[in-house]
**Q** 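Here's a structure for you.
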Amino acid sequence: MTDEELRVLFQGIIAENRDHPPKSAKVLCNTCKHRQKGATTCLAFPQGIPKDILFRRAEHTKPYPGDNGIRYEKMD
């Protein structure tokens, strides 16, 4: 995904969630060892991290549909 595509993606996500701010400004995915650097994908969600996880409406320390059995693990 190019920088421009990421920018557009995040602008869309922000616009969709203006009335539903995240629990925290810090995205838990940013500290996960499974996250793909510079992308909104990870080993659990190679097609894209669900918005509910990105915006912490769902905690990925528990099973989540489609996570391939992989959950949040803090980077070493």
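When reading the values below, keep in mind they use all heavy atoms of this one structure, side chains included, and skip hydrogens, waters and symmetry mates.
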**Q** Which pair of non-hydrogen atoms, one from A58 and one from Y64, has the smallest distance, and what is that distance?
**A**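 Closest heavy-atom pair between A58 and Y64: CB-CE1, 3.7 Å.
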**Q** May I ask you to list the residues sharing a hydrophobic cluster with I70, side-chain cutoff 4.5 Å, ordered by chain and number?
**A** L43
**Q** Suppose we screen for side chain to side chain contact (heavy atoms under 4.5 Å, CB included). Which residues come up paired with Q47, at least two apart in sequence or across chains?
**A**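 Not a single residue meets the side chain to side chain contact (heavy atoms under 4.5 Å, CB included) criterion with Q47.
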**Q** If a pair satisfies salt bridge (Lys or Arg N to Asp or Glu O under 4.0 Å) and one of its residues is in residues 67-76, list it, with sequence neighbours excluded.
**A**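 Sorted pair list: K33-E73, D67-R71.
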**Q** Among all residues two or more places apart in sequence or in another chain, which pass the side-chain hydrogen bond (donor to acceptor under 3.5 Å, both in side chains) test with D52?
**A** R57
**Q** Is the shortest heavy-atom distance from the side chain of R35 to the side chain of T40 under 4.5 Å?
**A**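 Yes, side chains in contact.
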**Q** Apply side chain to side chain contact (heavy atoms under 4.5 Å, CB included) to C32 and list each qualifying residue two or more places apart in sequence or on a separate chain.
**A**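 Side chain to side chain contact (heavy atoms under 4.5 Å, CB included) check on C32 returns H34, Y72.
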**Q** Nearest 0.5 Å, please: how far is CG in L28 from NE2 in H60?
**A** 10.0 Å
